[in-house]
Amino acid sequence: MKLGIVGTGKIVQELLPTLKKFDLELFILSTKRSKEKSLRLKEKYDIRKIYFDYDDMLNSDIDVFYIALPNYLHFEFAKKALLNNKNIIVEKPMVTSMEEFDELNDLRKKNNLIMLEAMNIHHLPAFKELKKHINDIGKIKIANFNYTQYSSRFDKFKEGIIEPVFDYKKKGGSLMDINIYNIHAAIGLFGDSKKALYFPNIERNIDTSGIVVLDYGDFKVTLTGSKDAVGYNMGVIEGEEGYIKIDSSINEIDGFEICSRNKDTKIYKFNQKERLYYEFEDFIEIIKEKNYEAFEDLLKISYNSIKVLDSCKIF
């Protein structure tokens, strides 16, 4: 498989060591401003070719495009790839509105293409096991997920230096960047919610942190995402017969505890590979084998997650 990587940012640099473990031919789209960085990546990770023009890259025989650009560029670059009959993997969030999702979805249906969102949670062995045990605690009443990560860019933000992750014009903010993980986890575990509300902390027109409340009718879920504080990452799902405890952010889950009402505790722990390994292992299989059933299941989660974003976004 030939994988065209669109971008050279932080997530690409984290992912490249993992991608080298698969049978892939790698190509990169870079800007001239990032030429030196892309040349270093080419040498270190055996990148076959660096492109500096997206149209040139699209006109090649690359099979799949992985779009790892700032949020506001996802739709534009994904649409162009689909119009050129390319399968795509788009970094989270895939897009930032239902209007954008529907347009991309119509294009991929028309050309019978695969469109995946790079969201690692659903592919982690620990999360898959958690889904199997979600009913072990009886009827669910409350669930809480917290993902707090003081951003390395927040100090600059407070000084008035605005980078894309804190730029409302570029679809940044805590909801889009970090709470999206919690949203995906809730949708993956509980399905589509009946209603979503967002209570953000706003600075300079952007949400630096906030809490999403999902209403499932007979139970409620709170999702905390923060880029402006230091906190404790965790998850708790509470039911009539016990609770499930996760001692990490949900995108790094490697185990959980189930504590029953009679005080019995079961511990599940997994010796997992790096957190991005399993999603690309699944993506490669889905695309190579044209596993449309698995693809549609993932796309449904993306669809419902984007619905939540669409109803909660502040811009």
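Source: prediction; values computed, not measured.
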(request) Please step through side-chain contact (heavy atoms from CB on, under 4.5 Å) for the pair Y51 and I28, ending with a clear verdict. (result) CA-CA 6 Å; Y51 288 87; I28 278 183; over 6 Å; no

Using a strict cut-off of less than 4.0 Å between a Lys/Arg side-chain nitrogen and an Asp/Glu carboxylate oxygen, indicate whether [X] and [Y] qualify as a salt bridge.
X	Y	answer
K92	E117	no
E163	R153	yes
D215	K220	yes
E240	K139	no
K21	E274	yes
D55	K80	yes
D297	K300	no

Output yes when a side-chain donor or acceptor of [X] lies under 3.5 Å from a complementary backbone atom of [Y], and no otherwise.
X	Y	answer
K171	M176	no
S34	K37	no
K170	N71	no
E100	V95	no
N304	I187	no
S226	S209	no

[atom2] on [Y] to [atom1] on [X], rounded to 0.5 Å:
X	Y	atom1	atom2	value
N144	T224	CG	OG1	7.5 Å
N105	L82	CG	CG	9.5 Å
I206	K227	CD1	NZ	10.5 Å
I137	C259	CD1	SG	10.0 Å
I50	K35	CD1	NZ	8.5 Å
L124	N251	CG	CG	8.0 Å

Should we say atom [atom1] of [X] is surrounded by more than 12 heavy atoms from elsewhere, each under 6.0 Å from it?
X	atom1	result
Y216	OH	yes
K128	NZ	yes
K20	NZ	yes
E296	CD	yes
N262	CG	yes
D106	CG	yes

(message) Please determine whether side-chain hydrogen bond (donor to acceptor under 3.5 Å, both in side chains) holds for the pair N59 and D56, giving the CA-CA distance in whole Å, both sets of side-chain angles, and the decisive distance to 0.1 Å.
(response) CA-CA 5 Å; N59 288 327; D56 287 347; 5.0 Å; no

(request) Take K158 and D155, measure what salt bridge (charged side-chain N to carboxylate O under 4.0 Å, His left out) needs, and give me the verdict at the end. (result) CA-CA 5 Å; K158 289 189 292 184; D155 289 334; 3.6 Å; yes

Of the options [options], which is the one that meets [X] in a side chain to side chain contact (heavy atoms under 4.5 Å, CB included)?
X	options	value
I284	L19, D23, L24, L3	L24
S302	H122, H184, M115	H184
F127	N120, L189, I246	L189

(request) Start with the C-alpha distance between Y72 and K169, add both sets of side-chain angles, then the distance that settles side-chain contact (heavy atoms from CB on, under 4.5 Å), and finish with yes or no. (result) CA-CA 8 Å; Y72 76 108; K169 295 177 182 177; over 6 Å; no

Heavy-atom closest contact ([X] atom, [Y] atom, distance):
X	Y	result
F27	R48	CE2-CB, 3.6 Å
F22	Y277	CZ-CE1, 3.4 Å
Y45	L26	O-CD1, 4.5 Å
T222	I211	CB-CG2, 4.4 Å
G173	D207	CA-OD1, 3.3 Å
K49	K42	CA-CE, 4.3 Å

Co-membership, hydrophobic cluster, residues [X] and [Y], 4.5 Å side-chain:
X	Y	answer
F199	I202	no
I244	Y232	no
M234	Y181	no

(message) Please confirm whether the ring centroid of H123 lies under 6.0 Å from the ring centroid of F283.
(response) yes

(message) Tell me if the centroids of the rings in F101 and F75 come within less than 6.0 Å of each other.
(response) no

(message) Consider salt bridge (charged side-chain N to carboxylate O under 4.0 Å, His left out). Of R275, K269, K273, which one does D254 pass it with?
(response) K269

(message) Check the orientation of Y54 and F65. Use parallel for under 30°, tilted for 30 to 60°, and perpendicular for over 60°.
(response) perpendicular

(request) Would you please classify the geometry between the Y292 ring and the F295 ring as parallel, tilted or perpendicular, with 30° and 60° separating the classes? (result) perpendicular

(request) Starting from the C-alpha separation in whole Å, work towards a yes-or-no answer on ring pair (Phe, Tyr, Trp, His ring centres under 6.0 Å) for F219 and F190. (result) CA-CA 10 Å; F219 70 96; F190 311 123; 5.3 Å; yes

(request) Applying salt bridge (charged side-chain N to carboxylate O under 4.0 Å, His left out), run through K156 and E159 and close with a yes or a no. (result) CA-CA 5 Å; K156 287 184 178 180; E159 296 171 2; over 6 Å; no

(message) With side-chain contact (heavy atoms from CB on, under 4.5 Å) as the criterion, how do I287 and M1 come out once you've worked through the C-alpha distance, each side chain's angles and the decisive distance to 0.1 Å?
(response) CA-CA 9 Å; I287 294 168; M1 180 185 294; 3.7 Å; yes

(request) Under the ring pair (Phe, Tyr, Trp, His ring centres under 6.0 Å) rule, what do Y66 and F280 come out as? Steps first, then yes or no, please. (result) CA-CA 11 Å; Y66 165 54; F280 275 85; 5.5 Å; yes

(request) State, yes or no, whether a side-chain contact exists between I253 and L130 at a heavy-atom distance under 4.5 Å. (result) yes

(request) Report yes if some heavy atom in the side chain of N87 is under 4.5 Å from a heavy atom in the side chain of D63; otherwise report no. (result) no

(message) Applying side-chain hydrogen bond (donor to acceptor under 3.5 Å, both in side chains) to T208 and N201, what does each step give before you reach the verdict?
(response) CA-CA 6 Å; T208 57; N201 292 320; 5.8 Å; no

